[in-house]
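Accompanying notes for the structure given below.
When reading the values below, keep in mind they use all heavy atoms of this one structure, side chains included, and skip hydrogens, waters and symmetry mates. Note on naming: letters A, B, ... go to the chains in the order of the sequence lines (proteins, then strands), and numbering restarts at 1 for each one.
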Amino acid sequence: MPELPEVETVVRTLRPRLTGRTIVAATGDPKLTPAAVIGQTIREVSRYGKYISLRFDQGLLLVHLRMTGKLLFDGARTPYTRAEFVLDQGTLLYDDIRRFGRITWVQIYPSQGPDPLEVPFPGFANLFAGRRARLKTLLLDQQFLRGLGNIYVDEALFRARLHPLAVCADLSRPKLERLHAAIREVLDEAIALGGSSISDYVDGNGERGTFQNFHRVYRKTGEPCVVCGKAIERIVVTQRGTHFCPRCQRA
DNA sequence: ATCTATTCCTGGCTGC
DNA sequence: TGCAGCCAGGAATAGA
C-alpha cells in the first residue's frame, strides 16, 4: 500500500511528464474527475504526506491511492481504470481495484502533522510530550506525523528497537533520537529503491519497487529476527497487523 | 485525549 | 475444480 516512499516515487516519476501539461478532458467516475481541472495547466507535481498533489492556477488536485490506487502516465486501460485525464500530450490514468482511493479538488492542503523527512529532532521530540497513546497508534496518525503507514512504522520501530505498544510520553530522549533517525533512514532507503511493492503498488511508469525485499519484520511472522534470531511476532494494534521482534523490541 | 468498532472494497488465499 | 469464508488495511465516522 502506498505510503510516503511509494507516493514520493510516483511523484518523482510523474513530475517530468506532467509539469506544464494541460488537462483537455476527464472521463470516468464523477467523484474522481472534478470538472474544475478541465482546461487547466499543471504547474507543479509534489507530495503532501501520502497525497500526490497537482497544483494548478486555480487550486490543487489531491490524489490519495489508499490501498490499490495507481496513477499512470500513458498506462494501459484495465477493468479497474476508474478515471482518465486526457492531456495535451499523453494521458493520465487512475486505476484502483478496491476503489478506496480518492481524488479531490481543494484550495489548501488538509491540516496534518509534520513531514517525517523534514521535521528536525527538537520538534519531533516535542510531538510526544504529554501523549499517553501507544507509539504505533500515534505514528499511524496523519494528524501527528504525515506519511507513515503500517509497513514503515513496523520497520522503523524495529530499527529503533522500540516496542509498538510503548507509551509515547514515557519515551526517553535517546529512544526518541533513535526513532527519529530510524524513520528517516528507512524512508530514505525505501525511496532509493522505488518503494515497496507487496501486491499492487507501481510508480507512475508502471514499475514496481524493490524495498519489499529488504523488509525486516513486516509480514515476517515466525521468521527469525535478522539481529537476534528470535521468531518475529504478530499482534494487532489499532486494528493493524503489527510485526516486531520480542527480544530486540522490549515492552 | 484516547480507544474501539464500523464502513468502504475486492483479489487472493485457505480449507473442505 | 469449486466455493464459502476470511484476510489485507487508510481514513472517515460514530460512540464510549
Side-chain angles (χ1 to χ4, degrees), chain A residues 1-11 28-32 47-53 60-71 76-83 94-106 109-113 115-116 126-157 163-171 183 187 190 195-202 208-209 211-212 215 217-223 232-244:
Chain A
M1 32 290 167
E3 304 178 24
L4 189 154
E6 289 76 30
V7 177
E8 179 64 29
T9 302
V10 173
V11 164
D29 185 341
K31 292 204 294 193
L32 300 174
R47 179 182 61 77
Y48 180 82
K50 296 180 195 170
Y51 291 97
I52 299 158
S53 169
L60 303 163
L61 192 68
L62 298 184
V63 181
H64 199 305
L65 303 174
R66 295 284 185 98
M67 304 299 297
T68 57
K70 302 176 185 176
L71 199 55
R77 285 199 197 114
T78 75
Y80 311 110
T81 300
R82 310 299 184 189
Y94 179 69
D95 215 79
D96 190 358
I97 290 176
R98 293 171 65 180
R99 304 179 198 253
F100 273 21
R102 297 287 182 268
I103 299 180
T104 51
W105 175 255
V106 299
Y109 289 118
S111 174
Q112 295 195 326
D115 190 293
N126 289 341
L127 297 173
F128 294 84
R131 300 300 298 264
R132 302 300 303 173
R134 307 291 189 170
L135 184 49
K136 176 157 182 175
T137 303
L138 266 199
L139 293 177
L140 285 174
D141 183 351
Q142 304 301 296
Q143 306 304 314
F144 179 78
L145 209 55
R146 66 175 190 261
L148 296 179
N150 210 34
I151 295 174
Y152 296 102
V153 167
D154 280 7
E155 292 297 323
L157 289 177
H163 196 282
L165 293 178
V167 173
C168 290
D170 295 345
L171 292 169
I183 290 172
L187 294 178
S196 302
S197 289
I198 300 285
S199 55
D200 301 273
Y201 165 72
V202 292
R208 290 167 60 83
F211 191 68
Q212 68 277 8
H215 291 174
V217 290
Y218 181 73
R219 293 206 186 173
K220 302 282 184 195
T221 312
E223 293 183 34
I232 299 303
E233 287 186 8
R234 180 185 186 278
I235 59 176
V236 174
V237 179
T238 320
Q239 317 296 114
R240 298 284 179 275
T242 299
H243 317 77
F244 69 104

- Leu127(A) has an atom CG; how far is it from atom C1' of dA1(B), in whole Å? 16 Å
- Task: With heavy atoms under 4.0 Å as the rule, sort Tyr218(A) into base, sugar-phosphate or nothing.
- Result: sugar-phosphate
- Item | Distance-minimising heavy-atom pair for Arg134(A) and Leu165(A) | NH1-O, 2.9 Å
- Distance, nearest 0.5 Å, that separates NZ of Lys50(A) from CG of Leu62(A): 14.5 Å
- Message: If I take atom CG in residue Leu62(A) and atom C1' in nucleotide dA11(C), what distance separates them, rounded to the nearest angstrom?
- Response: 14 Å
Below 3.5 Å between N/O atoms, which protein atoms pair up with nucleotides 8-10 of chain B? Just atom names and distances, please.
from, atom 1, to, atom 2, distance (Å)
dC9(B), O4', Arg98(A), O, 3.2
dC9(B), O2, Arg98(A), NE, 2.7
dC9(B), O2, Arg98(A), NH2, 2.9
dT10(B), OP1, Arg99(A), NE, 3.0

- Item | Gap between atoms CG and P, on Asp154(A) and dA8(C) respectively (whole Å) | 12 Å
- Message: In whole Å, I'd like the distance from the CG atom of Asp141(A) to the P atom of dA11(C).
- Response: 9 Å
- For Glu155(A) and Val217(A), indicate whether the former's side chain and the latter's backbone hold a donor-acceptor pair under 3.5 Å. yes
- Query: dG10(C) P sits how many Å from Gln143(A) CD, rounded?
  - Reply: 15 Å
- Message: Tell me whether the side-chain N/O atoms of Gln142(A) come closer than 4.0 Å to OP1 or OP2 in dG10(C).
- Response: no
- Query: So, do Phe128(A) and Phe144(A) have ring centers that fall under 6.0 Å from each other?
  - Reply: yes
- Message: What is the distance, to the nearest angstrom, from the NZ atom on Lys50(A) to the C1' atom on dA12(C)?
- Response: 13 Å
- Task: Verify the distance criterion only: is there a donor paired with an acceptor across the side chains of Tyr109(A) and Ser53(A) at less than 3.5 Å?
- Result: yes
- Message: Is it true that Lys136(A) and Thr242(A) share a donor-acceptor pair across their side chains at a distance under 3.5 Å?
- Response: yes
- End axis versus end axis in the helix from dT2(B)-dA16(C) to dC16(B)-dG2(C), the angle rounded to 10°, five pairs used at each terminus: 40°
- Message: Run the side-chain hydrogen bond (donor to acceptor under 3.5 Å, both in side chains) test on Tyr152(A) and Asp154(A) for me, step by step, so that the C-alpha distance in whole Å, both residues' side-chain angles and the decisive distance to 0.1 Å come before the verdict.
- Response: CA-CA 5 Å; Tyr152(A) 296 102; Asp154(A) 280 7; over 6 Å; no
- Message: Considering every strand and a 4.0 Å limit on heavy-atom distances, what is the contact class for Arg146(A): base, sugar-phosphate, or nothing?
- Response: nothing
- Query: Taking the six-membered ring of Tyr48(A), is the NZ or CZ of Arg146(A) close enough (under 6.0 Å from the centre) and on axis enough (within 45°)?
  - Reply: yes
- Task: Could you state the atom-to-atom distance from CD1 of Ile103(A) to C1' of dA11(C) in whole Å?
- Result: 16 Å
- So which nucleotide from dA11(C), dA1(B), dC3(B) ends up closest to the side chain of Arg131(A)? dA1(B)
- Answer yes or no: are there more than 12 heavy-atom neighbours, outside Arg208(A) itself, under 6.0 Å from its atom CZ? yes
- Query: Does His64(A) place a side-chain N or O at less than 4.0 Å from the phosphate oxygens OP1/OP2 of dA11(C)?
  - Reply: yes
- Message: Whole angstroms only, please: what is the CE-P distance between Met1(A) and dG11(B)?
- Response: 18 Å
- Note on the structure: For Tyr201(A) and Pro2(A) the tightest heavy-atom approach is CD1-CG, 4.3 Å
- Would one find a side-chain N or O of Gln239(A) under 4.0 angstrom from OP1 or OP2 of dT4(B)? no
- Looking at every strand, decide which applies to Arg240(A) at a 4.0 Å heavy-atom threshold: base, sugar-phosphate, or nothing. base
- Query: Side chain of Leu140(A): nearest nucleotide among dA1(B), dA11(C), dG10(C)?
  - Reply: dG10(C)
